[in-house]
J.: 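Below is the structure I would like to discuss, written out as structure tokens.
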Amino acid sequence: MSTQHSETEATGSSYRFQDLEATWGPVWEELGVFTPKDDGTAERRYVLDMFPYPSGDLHMGHAEAFAMGDVVSRYWRQLGYDVLHPIGWDSFGLPAENAAIKRNAHPSEWTYANIETQAASFKRYAISADWSRRLHTSDPGYYRWTQWLFTRFHEKGLAYRKDHPVNWCPKDQTVLANEQVVAGACERCGTPVTKKSLNQWYFRITEYADRLLDDMDQLKGHWPERVLAMQRNWIGRSEGAHVDFAVEATDESPSRAVTVFTTRPDTLYGATFFVVAADADLAGELVTADRRAGLEAYQEQVKALSEIERQSTEREKTGVFLGRYAINPLNGERLPVWAADYVLAEYGTGAIMAVPAHDQRDLDFAKTFGLPVRMVVDTGEEDPAVSGTATVGEGTLVNSGELSGLGKDEAIARAIEIVEAAGTGRHTVNFRLRDWLLSRQRFWGTPIPIVHCADCGEVPVPDDQLPVTLPENLRGEALAPQGTSPLAAAEDWVNTTCPSCGGAAKRDTDTMDTFVDSSWYFLRFVSPEYTEGPFDPAAAARWMPVGQYVGGVEHAILHLLYSRFFTKVIHDLGLIPFSEPFSALLNQGQVLNGGKAMSKSLGNGVDLGEQLDKYGVDAVRLTMIFASPPEDDVDWADVSPSGSAKFLARAWRLAGDVTSAPGADPAAGDVALRRVTHRTVADAAELLDASKFNVVVAKTMELVNATRKAIDSGPGAGDPAVREAVEAVAVILSLFAPYTAEDMWAQLGHGPSVANAGWPTVDPSLLVQDTVVAVVQVRGKVRDRLDVPADITEDALRELALASEPVQRALEGRGLRTVIVRAPKLVNIVPE
RNA sequence: GCCCGAGUGGCGGAAUGGCAGACGCACCGCACUCAAAAUGCGGCGCCGCAAGGCGUGUGGGUUCGAGUCCCACCUCGGGCACCA
């Protein structure tokens with residue numbers, strides 16, 4: 001032991017990541033190498049990781065996501081681009097408030113302490129960020145502009161208030177956007193969501209539904225298909241028709257028109273009843289006096305259901321007859337009007353024509369209440385009235401007057417023509433997307449910059465009076481959830497004067513959903529100190545859109561949809577020339593442990609700090625990258641950070657072995673090794689462009705192995721090709737393992753930083769081989785391998801292949817039917 | 001139910017329609033060592049003593065040639081879902 005140890009010390013050849021981190025961290029801090037020049041001397045590129053929420057220290061998930069973004073950032077820098085790679089914090093939000101309540105503190109204390117912790121960890125983790133642009137959404141200097149943008153939205157009618165049934169989380173005591181309700185439960189805490197009718201603020205995102213859908217064409221191929229699919233799904237465009245039905249007058253009330261939305265106007269003749277949403281106002285307006293009590297009892301029954309129960313498709317259909325009839329505009333038939341909870345007030349017009357033969361829900365309802373079923377599209381299947389299964393496919397129209405005999409699509413078009421001509425209907429497009437509910441009854445968020453005045457109404461706070469800052473004196477228990485905003489309790493804050501008339505008025509006490517803050521932060525990064533607006537439009541035009549965005553798929557329809565919406569509105573305000581914020585998106589996978597997401601309740605969490613202490617920053621980063629393709633999950637139980645550390649030590653030792661002087665002419669070096677080096681650099685660039693980071697690591701390992709061999713049993717450590725190879729290893733490794741790469745670079749006689757070394761130039765002549773291995777197949781099976789000149793002719797290769805002994809054996813003396821020659825790599829012979 | 005994505009050794013994973021399993025983990029062996037660790041070198045899909053045969057979820061198809069393309073199906077993962 002002592003012998004070996006002293007030898008290690010004597011040669012200084014032991015890899016100690018602790019030393020490398022201690023040496024290079026301060027040097028980089030001093031250098032400040034990651035601030036873009038922004039002087040137009042190089043093409044600009046913007047790479048961004050979804051900014052973190054400051055909940056405690058960084059965890060394994062951050063380590064993976066930020067490793068990915070940093071590879072792109074560092075690669076682009078090596079290619080010579082002027083790279084913008086900023087970092088900031090999404091620092092408003094509930095956990096800070098809950099911590100403040102528990103500790104009798106102000107949310108800012110917990111928030112900013114955590115930010116400092118995370119910032120220090122990011123620095124240790126060697127993220128190549130431009131620290132001079134750091135921002136926090138909870139800084140008044142930031143949320144001033146969130147408020148400014150809200151005011152612009154308000155001016156354009158894109159921010160408005162309405163009374164409406166909303167999603168309510170009973171635990172967090174706040175409303176939720178549709179996007180924050182997952183399977184009927186609160187996205188954050190999992191509590192089943194209830195409905196509550198409240199006056200709330202909304203963004204009119206539905207006005208942008210078409211553009212949000214259409215502009216996805218630009219993202220195709222650059223965003224993961226699943227994210228585009230999720231957004232498409234969420235927006236839920238469906239084409240159909242609005243058809244007006246006259247509801248007959250009764251003794252008490254006159255006749256009135258009720259419009260339905262249908263995607264199947266071809267089935268109008270098959271409508272046998274009419275249904276309105278039980279919880280829509282319309283139900284109460286239509287019901288006859290003698291049936292009102294029945295309706296109200298039913299409505300109570302519906303309200304008692306949780307969202308999860310109500311949405312269940314297993315549940316038997318329920319409903320009540322309203323005592324009135326609607327007239328089918330096509331055939332004049334009288335249809336009984338029902339109220340039922342399977343029709344949603346939120347979707348379409350809240351009323352439908354029921355066609356039980358061709359819609360399963362209507363059929364279930366018809367069977368429950370003994371309503372007639374009439375088939376009008378013959379699909380060749382059994383009559384739904386008999387089978388109990390609605391038919392929805394292609395077919396021929398029957399029992400449908402002038403539509404009879406037509407196919408489904410023709411009939412849809414014809415039916416729309418008929419109702420349009422009669423003025424009782426029109427072609428229409430309906431969306432599933434709802435407006436974005438943005439107000440929250442919580443404290444730690446951006447205050448809504450509106451003053452309510454008895455005389456002037458809803459008055460926006462003028463731009464020159466922004467920001468409306470949060471009161472400092474609310475803390476601890478005063479922030480506890482109570483169903484209304486804690487801000488209401490801050491009387492000196494709430495009571496103000498009307499900006500319009502100067503009279504006494506009250507501030508709006510709700511705060512904004514934190515997704516509002518994060519819907520534009522990528523714009524703030526281009527000019528974080530700018531004071532004339534949310535961002536400098538010229539800087540935005542220079543840097544945006546983001547060239548590579550990196551983050552988790554959990555934001556597919558939240559942050560990513562909202563950011564696209566904001567970007568379009570800001571574009572329409574004339575502030576930016578582009579209307580999509582993120583040109584390319586990479587969804588990194590999750591870090592699992594033992595096949596499951598790490599969680600406190602499972603007790604399977606892995607502490608990032610401990611991993612960094614044990615294996616070093618570089619080994620952890622390299623493991624994240626090498627374990628799997630970026631978009632796949634990494635199971636920490638299956639990977640080997642110690643294996644990564646071993647490889648890094650092996651690569652690092654190469655640098656100590658190099659004996660040629662810096663600047664030695666590689667042209668004089670060993671050609672075989674040079675070929676490997678240049679092939680590796682060329683392949684690595686291609687793989688990096690395709691985000692196949694794990695394969696880049698594998699190729700680098702091959703280069704390291706080849707270099708080791710060249711030193712130990714080849715041309716030797718003094719060969720300039722060895723230096724060339726090791727320098728290439730250092731530059732490639734600088735993307736994944738910056739400390740190790742920097743130290744190798746120094747050992748090779750270069751000053752810091754390897755981050756600016758530049759991507760190695762590939763000599764194309766070294767990518768061409770003199771001889772290649774030609775594969776000879778008989779009927780597609782490999783029978784021989786031949787070393788042949790790379791420029792061999794087809795005829796020569798054919799002859800060589802046919803002369804091969806194993807090939808002759810496989811041919812068993814039969815004649816040749818086909819011989820395919822792909823010189824110089826392959827011959828395939830098919831015998832008679 | 002609808003919409004996406006994925007099925008390759010013991011494991012993570014490679015593979016512009018052309019040598020399946022690169023690279024690594026684990027495992028086995030060898031060298032160095034009194035020994036171990038570290039390091040270096042080698043082996044490692046399955047069946048078979050071997051020759052050889054079989055192999056990329058299943059079944060078909062296209063092709064001189066299919067992990068890769070097409071059709072049908074199975075399984076797993078994810079999203080949406082009483083959305084008219």
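Proteins come first, then strands; the chains are lettered A, B, ... in the order of their sequence lines, and each starts at number 1.
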J.: Could you check whether atom CZ of A:Arg315 has more than 12 heavy atoms from other residues, nucleotides or ligands sitting under 6.0 Å from it?
T.: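 Counting other residues, nucleotides and ligands, CZ of A:Arg315 exceeds 12 neighbours.
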
J.: What contact category does A:Asn694 fall into here, base, sugar-phosphate, or nothing, at under 4.0 angstrom with non-hydrogen atoms?
T.: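 Sugar-phosphate, no base atom in range.
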
J.: Is B:G7 in the syn range, within 90° of 0, or in the anti range?
T.: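 Anti.
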
J.: If a stem is a run of at least 3 consecutive Watson-Crick or G-U pairs, both distances under 3.5 Å, which stems include RNA chain B?
T.: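 Runs of three or more consecutive pairs: B:1-7 with B:74-80, B:10-12 with B:23-25, B:27-31 with B:39-43, B:45-47 with B:52-54, B:57-61 with B:69-73.
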
J.: Closest to the A:Thr818 side chain: B:G13, B:C64, B:C23?
T.: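 From the listed options, B:C64 comes nearest.
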
J.: Whole Å only: how far is the CG atom of A:Asn587 from the P atom of B:G5?
T.: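 Spelled out: CG on A:Asn587 to P on B:G5 is 14 Å.
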
J.: Looking only at side-chain atoms of A:Asp638, point me to the closest of B:G5, B:C11, B:A14.
T.: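 Shortest atom-to-atom distance from the side chain points to B:C11.
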
J.: Taking the P atom in each of B:U56 and B:A50, what is the distance between them to the nearest angstrom?
T.: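 Between the two P atoms, the distance is 23 Å.
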
J.: Out of B:A14, B:C54, B:A84, which nucleotide sits closest to the side chain of A:Thr263?
T.: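 Ranking B:A14, B:C54, B:A84 by closest atom to the A:Thr263 side chain puts B:A84 first.
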
J.: Would you indicate what A:Val830 reaches in the nucleic acid, counting non-hydrogen atoms under 4.0 angstrom: base, sugar-phosphate, or nothing?
T.: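 Contact class for A:Val830: sugar-phosphate only.
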
J.: Taking the P atom of each, how far is B:C4 from B:A51, in whole Å?
T.: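 49 Å, rounded to whole Å.
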
J.: Using a 4.0 Å heavy-atom cut-off, does A:Pro629 contact any base of the nucleic acid, only the sugar-phosphate backbone, or nothing at all?
T.: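 It contacts sugar-phosphate atoms only.
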
J.: Round to the nearest Å and state the distance from A:Ile820 atom CD1 to B:C64 atom C1'.
T.: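 Going from A:Ile820 (CD1) to B:C64 (C1'), I get 4 Å.
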
J.: Give me the distance, rounded to whole Å, that separates B:G45 from B:C41 when you measure between the C1' atoms they each carry.
T.: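 Per the computed distance, 23 Å lies between those C1' atoms.
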
J.: Contact class for A:Ser238 (heavy atom, under 4.0 Å): base, sugar-phosphate, or nothing?
T.: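 Touches sugar-phosphate only.
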
J.: Return yes if some donor-acceptor pair links the side-chain N/O of A:Arg814 with the main-chain N/O of A:Leu811 below 3.5 Å, else return no.
T.: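 Yes, the answer is positive, given that a donor and an acceptor are paired below the 3.5 Å cut-off.
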
J.: Could you tell me whether A:Glu799 atom CD has more than 12 heavy atoms of other residues or ligands within 6.0 Å of it?
T.: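 No, the 6.0 Å shell around CD holds no more than 12 heavy atoms from other groups.
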
J.: Using the ring centroid of each side chain, check whether A:Phe369 and A:Phe273 are separated by less than 6.0 Å.
T.: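 No, they do not, as the ring centres are separated by 6.0 Å or more.
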
J.: Identify the two heavy atoms, one from A:Glu346 and one from A:Arg434, that lie closest to each other, and give their separation to 0.1 Å.
T.: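 Taking A:Glu346 first and A:Arg434 second, the nearest heavy atoms are O-NH1, 2.8 Å.
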
J.: Given the P atoms of B:C19 and B:G12, what is the spacing between them in whole Å?
T.: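 It comes out at 24 Å once rounded to the nearest Å.
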
J.: Looking for any heavy atom pair under 4.0 Å, which part of the strands does A:Val275 touch: base, sugar-phosphate only, or nothing?
T.: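 Answer is nothing: A:Val275 stays at 4.0 Å or more from every strand.
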
J.: Base, sugar-phosphate or nothing for A:Arg779? Non-hydrogen atoms, less than 4.0 Å.
T.: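 Answer is nothing: A:Arg779 stays at 4.0 Å or more from every strand.
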
J.: With heavy atoms under 4.0 Å as the rule, sort A:Asn430 into base, sugar-phosphate or nothing.
T.: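 Answer is nothing: A:Asn430 stays at 4.0 Å or more from every strand.
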
J.: For B:G24 and B:G9, measure between their C1' atoms and round to the nearest Å.
T.: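 It comes out at 14 Å once rounded to the nearest Å.
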
J.: Any donor-acceptor pair under 3.5 Å joining the side chain of A:Asn233 to the base of B:C80?
T.: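 Counting by modelled atom types and ignoring angles, no donor-acceptor contact under 3.5 Å is found here.
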
J.: Which listed nucleotide (B:A22, B:A84, B:U39) is nearest to the side chain of A:Arg653?
T.: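 Comparing B:A22, B:A84, B:U39 against the side chain of A:Arg653, the answer is B:U39.
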
J.: Within the 4.0 Å heavy-atom criterion, would you say A:Glu702 contacts the bases, only the backbone, or no part of the nucleic acid?
T.: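 Sugar-phosphate contact only - A:Glu702 comes under 4.0 Å of backbone atoms but never of a base.
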
J.: Can A:Lys317 be said to sit on top of A:Tyr342's aromatic six-ring, NZ or CZ under 6.0 Å from centre and within 45° of the ring axis?
T.: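 Checked: cation-pi criterion met.
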
J.: Choosing from B:G65, B:A84, B:A22, which nucleotide comes nearest the side chain of A:Ala698?
T.: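 Minimum distance to the A:Ala698 side chain belongs to B:A22.
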
J.: Please determine, by modelled atom types, if A:Asn430 and A:Ser238 share a side-chain donor-acceptor pair under 3.5 angstrom.
T.: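 Side-chain D/A pair, A:Asn430 to A:Ser238: absent.
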
J.: Just jot down the ring-ring contact (aromatic ring centres under 6.0 Å, His included) partners of A:His555, sequence neighbours excluded, or say none.
T.: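 With sequence neighbours excluded, A:His555 shows a ring-ring contact (aromatic ring centres under 6.0 Å, His included) to A:His559, given in chain and number order.
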
J.: Rounded to whole Å, how long is the line connecting atom CZ of A:Phe245 with atom C1' of B:A84?
T.: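 In whole Å, B:A84 C1' and A:Phe245 CZ are 12 Å from each other.
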
J.: Which part of the nucleic acid does A:Arg809 contact within heavy-atom distance under 4.0 Å: base, sugar-phosphate only, or nothing?
T.: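 Contact class for A:Arg809: sugar-phosphate only.
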
J.: In whole Å, what separates the P atom of B:A31 from that of B:C23?
T.: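 That atom pair is separated by 25 Å.
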
J.: Need one value for A:Arg226: base, sugar-phosphate or nothing, where a base atom within 4.0 Å counts as base even if backbone is also close, heavy atoms only.
T.: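 If one applies the 4.0 Å heavy-atom cut-off, A:Arg226 turns out to touch the sugar-phosphate alone, with no base involved.
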
J.: Would you classify A:Phe647 as touching base, sugar-phosphate or nothing, given that sugar-phosphate means primed atoms plus P, OP1 and OP2, and contacts are heavy atoms under 4.0 Å?
T.: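 Nothing: the residue A:Phe647, judged by heavy atoms under 4.0 Å, touches no strand.
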
J.: Using heavy-atom distances to pick each residue's nearest nucleotide on RNA chain B, tell me which of A:Ala649 and A:Val773 is more 5'.
T.: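 Per heavy-atom nearest nucleotide, the more 5' residue is A:Val773.
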
J.: Under 4.0 Å, heavy atoms only, any strand: does A:Lys692 hit a base, just the sugar-phosphate, or nothing?
T.: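 It contacts sugar-phosphate atoms only.
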
J.: Determine whether the side chains of A:Asn328 and A:Tyr269 contain a donor N or O and an acceptor N or O closer than 3.5 Å.
T.: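 No, no side-chain donor-acceptor contact under 3.5 Å.
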
